[in-house]
Amino acid sequence: MDETSSRAPDERHSPEPLVVAVKRTGGFAGLTRTWTAEARGDEASELVELVHRCPWDEPVDSDPRGADRFQWNIRARCGVDEDRAAELPDHAVKGPWKELIDAVREWSESERRPAQQR
Amino acid sequence: MPHAIVPPYLLARIASIREPEFARAAEAARETLAVQRAYRPPRRSRLRLSLDGADTLVAETTPAPDRTISDAKNREELPGVVVRREGDPPTGDTAVDEAFDGLGSTFDFMWDAFLRDSISGAGSELLATVHFGRDYDNAFWDGRRMVFGDGDGEIFAGFTGSLSVIAHELGHGVIESAGGLLYRGQSGALNESIADVFGALAEQHRADQTADQASWLIGEGIFTDAVEGRALRSMIEPGTAYDDDVLGRDPQPAHMSDYIVTTDDNGGVHLNSGIPNRAFALAATTLGGRAWERAGLVWYRALTSGTLSRTADFAQFAAATLAAAEAEYGEESEEVDAVRSGWVGVGVIGNGRDEQPRA
């Protein structure tokens, strides 16, 4: 039996789930926080668009000034052969990067909320 | 202020000479003084009154801080809108007034402990921005100003309530002004540790605590009640500040044998800072008394010696503190012994009396 024939059309195009993981390290507290979004089909479309809008391959200027800024590590798996990763200083988190990070945090926190009250 | 070969007090004396044979010299001195005054930047100072040991009233003029607090209005843009300047009354906004007062306490600490006039040592402005971002879980130094988020209300209740946080951020400014320590790996962990030393000492100075009375905690009171923890870091017992089901356990190492190798956090600058933090706390508690008077002075001299490399590792900084202690107190002094035992206690240098810090 062809399993894909029973799935919704949009799922046929993305049989693998979209996984975006955000890790935040550093900051004054030096606490590591992680957020993950794992989505399929319709649920994934908005995140897929955000992933594609981010400038993954553009070099990021490191800013030697300052201290206690966050450091961000972002990984996305959009399919079997599509892995992306970026490491960003806090000052680079703007535009599409910020939108993607905020979306993943929101996704992750809405998943966590029923089990966790804080 | 322009540098001059004839000091101002001498110019003033010459300018006051009334004998006719020195009229030209007196006139020249008066002109020189007038020119200098035109170039002299406005200096803030204040009169401080205190009692000395014999209950004599002592009046002295000391520098005064020049603080400006801005409000980012929950946006992530700097500097925000100025809401309180030096001399302004309290605003009623807790974060604004706490930042203002905290900068004042840190300024007082630096002057009393090290005769340092603000971040630059030459009376520079103290700039801070509060209410940065929405639920922003951080306080940082951006290279020019201190920036404070409000916290998310779930883990962090805010950052301006802790003087150790404010003095830590200002400490980063002093480190940068002194030549800087590259914010990566061991030099980055030293940068963090020295900022924590500033944080802890400013709190101890405000409370007039001795080393054995101090908590040696950094960020006490910034967690919400929901978090199982006393503070963010413990300088005297790194790794024991919190143990929480969401945050996990305080990961700071207290000894070189537990040094953490990682690419996160600029190479673990907030993790491995536990090692030099404990070295300082051990030296200070061994010496006893007010920690800023001897251990703090030694660390400050090592930082501001002008010879510390931007890429110094723990061993190089240990050597710099030993050299500073020897210069300040003598080779056979108890201060040198206490500093050495601090670094031995965390495994940065070995046990032998003549052993040099490990490169």
Side-chain angles (χ1 to χ4, degrees), chain A residues 21-36 54 59-75 83-118, chain B residues 76 136-149 152-156 159 165 168-169 171-173 175-176 180-184 188 191-192 195 199 218-219 222-224 226-227 232-233 242 245-248 250-252 262-274 310:
Chain A
V22 172
K23 181 161 81 167
R24 189 186 77 188
T25 62
F28 171 79
L31 292 172
T32 296
R33 302 290 308 275
T34 55
W35 297 273
T36 306
C54 288
V60 179
D61 288 339
S62 64
D63 187 347
R65 293 170 307 165
D68 293 329
R69 303 301 304 259
F70 289 131
Q71 181 182 321
W72 300 84
N73 192 296
I74 305 163
R75 291 177 181 278
D83 280 350
R84 297 162 192 241
E87 193 173 287
L88 304 173
D90 205 31
H91 70 85
V93 176
K94 50 193 171 193
W97 285 123
K98 181 154 176 55
E99 287 178 47
L100 177 63
I101 288 171
D102 286 348
V104 173
R105 288 178 68 168
E106 197 176 317
W107 179 286
S108 176
E109 276 153 16
S110 66
E111 291 276 300
R112 214 178 278 174
R113 209 162 283 139
Q116 222 167 281
Q117 289 306 307
R118 34 178 225 244
Chain B
E76 292 190 16
Y136 196 80
D137 264 346
N138 200 17
F140 63 89
W141 167 252
D142 86 332
R144 190 155 179 266
R145 64 177 50 243
M146 285 143 272
V147 184
F148 302 94
D152 56 12
E154 294 179 347
I155 292 171
F156 291 110
F159 297 92
V165 177
H168 173 107
E169 298 310 334
H172 280 305
I175 293 162
E176 224 163 75
L181 281 161
L182 188 69
Y183 206 62
R184 179 158 287 280
N191 196 323
E192 272 306 307
I218 300 296
I222 67 172
F223 282 140
T224 64
V227 176
L232 278 175
R233 294 187 275 278
Y242 60 86
D245 56 352
V246 172
L247 299 181
D250 175 2
Q252 279 210 312
T262 175
T263 55
D264 290 341
D265 183 28
N266 293 293
V269 298
H270 293 87
L271 303 174
N272 293 313
S273 57
R310 274 179 57 76

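Each chain gets a letter, A, B and so on, in the order its sequence line appears, and its residues count up from 1. Hydrogens, waters and symmetry mates are skipped; everything else that's a heavy atom, side chains included, is used. Small disclaimer: the values here were computed from a predicted structure and weren't measured.
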_Can you confirm whether more than 12 heavy atoms, excluding those of A:R84, are under 6.0 Å from its CZ atom?_
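Atom CZ in A:R84 is packed in, count exceeds 12.
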*A:R105 CZ: over 12 foreign heavy atoms closer than 6.0 Å*: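 Enclosed.
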Residue part contacting chain A, namely of [X], when any heavy atom lies under 4.5 Å:
X      : value
B:D137 : both
B:R233 : side chain
B:V165 : both
B:Q252 : neither
B:I175 : neither

*Is the ring centre of A:F70 less than 6.0 Å from the ring centre of B:Y136?*
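Distance test on ring centres: under 6.0 Å, yes.
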*Using non-hydrogen atoms and a 4.5 Å limit, figure out which bit of A:K23 sits close to chain B: side chain, backbone, both or neither.*
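Only the side chain of A:K23 comes within 4.5 Å of chain B.
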*Most chain B-contacting option - heavy-atom pairs closer than 4.5 Å, from A:R65, A:E87, A:Q71*: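 It is A:Q71.
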_Between A:T32, A:D90, A:L31, the one whose heavy-atom pairs under 4.5 Å with chain B are most numerous_ =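 Most pairs with chain B among the choices: A:L31.
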*Most contacts with chain A, counted as non-hydrogen pairs under 4.5 angstrom, among B:H168, B:E76, B:E192*: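 It is B:H168.
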*Between chain A and each of B:N266, B:T263, B:N138, count heavy-atom pairs under 4.5 Å; write down the option with the most.*
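Greatest number of close heavy-atom pairs with chain A: B:N138.
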Of the non-hydrogen atoms in [X] and [Y], which two are nearest, and what is the gap between them?
X      : Y      : value
B:N191 : B:L181 : ND2-O, 2.9 Å
B:I155 : A:R33  : CD1-NH1, 3.4 Å
A:F28  : B:H270 : O-CD2, 3.3 Å

*Could you label the plane-to-plane angle of the A:W72 and A:W35 rings as parallel, tilted or perpendicular, counting under 30° as parallel and over 60° as perpendicular?*
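Answer is parallel, since the angle falls under 30°.
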